[in-house]
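Reviewing the structure listed below.
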Amino acid sequence: RDVRVTNGHFDAPVSGKAFGWRLGRVAGVETKRERRDEVGGGYAMRFHFLGTANLRFAHFWQYFPLRPGTTCELRFSWKSSRLGTDQGRYADVRGVGCEGVSVRSPAITGTRDWSRENLIFDVPDQCRMAKITFRRDESLKFDSKIRGDVWIDAVELVETRSAR
């Protein structure tokens with residue numbers, strides 16, 4: 001069991017360096033690391049969408065190493081509050097400089113309590129690095145401006161099986 005995501009529980013501030021989380025600034029969304037309310041709380045990343053723009057958001061990501069020939073599982077927790085849009089947030093994992101790794105989670109919208117997501121994928125022989133991005137696509141609807149909140153926590157990538 002090999003954990004490959006850095007600072008997946010957001011115990012430290014976002015560093016923006018090497019294999020850490022990177023956060024780009026964009027008008028219409030406020031992002032901050034904040035304490036979780038639950039027992040044993042810790043921290044989570046909160047994305048507060050102001051309802052001022054129809055955002056194409058791909059401004060929170062991390063690169064991580066992969067071991068060719070393995071099967072990996074990306075796991076994370078998230079919740080939403082009054083996330084008003086037809087195009088919600090989703091996790092997207094893609095290989096860097098290699099084909100064959102491309103998975104995405106269902107999108108989160110509306111109000112939903114903490115839940116777990118799991119994305120399973122095989123790592124091809126030539127693939128040594130991937131990128132996870134928490135995204136939101138632009139909406140084509142008339143009422144397209146995104147408003148509300150999404151929290152993300154407990155992001156981890158583990159090898160579930162070695163193909164060799």
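Everything numeric here is computed off the predicted structure, so don't read it as measured data.
S15 is not listed as a side-chain neighbour of N7, based on a closest heavy-atom distance of 4.5 Å or more. Two residues are said to be in side-chain contact when any heavy atoms from C-beta on lie closer than 4.5 Å; V93 and F64 meet this criterion. No side-chain heavy atom of D86 sits less than 4.5 Å from a side-chain heavy atom of T109. Taking 4.5 Å as the limit, some side-chain heavy atom of E30 sits within range of a side-chain heavy atom of L50. Between R136 and N54 the shortest side-chain heavy-atom distance falls below 4.5 Å. Inter-residue side-chain proximity for R128 and P68 is flagged as met; some heavy-atom pair is nearer than 4.5 Å. Looking at heavy atoms from C-beta onward, M45 lies in side-chain contact with V14 at the 4.5 angstrom threshold.
Every residue two or more places apart in sequence or in another chain that forms a salt bridge (Lys or Arg N to Asp or Glu O under 4.0 Å) with E117 is listed here: R112. With sequence neighbours left out, the ring-ring contact (aromatic ring centres under 6.0 Å, His included) criterion links F10 to W21. With sequence neighbours excluded, the residues that form a side-chain contact (heavy atoms from CB on, under 4.5 Å) with V96 are Y63, M129, K131. Under the side chain to side chain donor-acceptor pair (under 3.5 Å) criterion, E73 pairs with R75, sequence neighbours left out. Taking the salt bridge (Lys or Arg N to Asp or Glu O under 4.0 Å) definition, one finds that K141 meets it with nothing, sequence neighbours left out. Considering only residues two or more places apart in sequence or on other chains, R116 meets the salt bridge (Lys or Arg N to Asp or Glu O under 4.0 Å) condition with E156. Residues meeting the salt bridge (Lys or Arg N to Asp or Glu O under 4.0 Å) test with R33, sequence neighbours left out: none. For T133, the side chain to side chain donor-acceptor pair (under 3.5 Å) test picks out no residue, with sequence neighbours left out. Listed by chain and residue number, F76 satisfy the ring-ring contact (aromatic ring centres under 6.0 Å, His included) test with W78 (two or more places apart in sequence, or in another chain).
Among residues at least two apart or in separate chains, disulfide bond (SG atoms under 2.5 Å apart) pairs with a member in residues 111-146 are C98-C127. Residue pairs satisfying the side-chain hydrogen bond (donor to acceptor under 3.5 Å, both in side chains) criterion with at least one member in residues 94-104, sequence neighbours excluded, are listed as follows: D92-R94.
Judged purely by atom type and a 3.5 angstrom limit, R4 uses its side chain to pair as donor or acceptor with the backbone of P65.
Minimum heavy-atom separation, A44 to W114: CB-CH2, 4.0 Å. Here the closest non-hydrogen pair linking V123 and C72 is CG2-SG, 3.9 Å.
In the hydrophobic clustering of this structure, L23 groups with Y43; members are Ile, Leu, Val, Met, Phe, Trp, Tyr whose side-chain heavy atoms approach within less than 4.5 Å, directly or through other members. Grouping the Ile, Leu, Val, Met, Phe, Trp and Tyr side chains by contacts below 4.5 angstrom, directly or via other members, places L74 with V103. The cluster map of Ile, Leu, Val, Met, Phe, Trp and Tyr, joined by side-chain heavy atoms under 4.5 Å apart, puts I120 and V158 in different clusters.
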Exercise for review: Could you walk me through whether R89 and F57 pass the side chain to side chain contact (heavy atoms under 4.5 Å, CB included) test, one step at a time?
Suggested key: CA-CA 9 Å; R89 295 290 305 276; F57 187 87; 3.6 Å; yes
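The structure places CZ of R36 at 7.5 Å from NZ of K79, a figure rounded to the nearest 0.5 Å. With values rounded to the nearest 0.5 angstrom, R135 atom CZ is found 12.0 Å from Q87 atom CD. The structure places CZ of F121 at 5.5 Å from CG of L66, a figure rounded to the nearest 0.5 Å. From S139, atom OG reaches atom CG of L55 across 11.0 Å, with rounding to the nearest 0.5 Å.
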Which atom pairs, donor and acceptor, lie under 3.5 Å between side-chain atoms of residues 145-152 and protein residues at least two apart or in another chain?
residue	atom	partner	partner atom	Å
D149	OD1	R46	NE	2.9
D149	OD1	R46	NH2	2.9
D149	OD1	H48	ND1	2.8
W151	NE1	E34	OE2	2.7

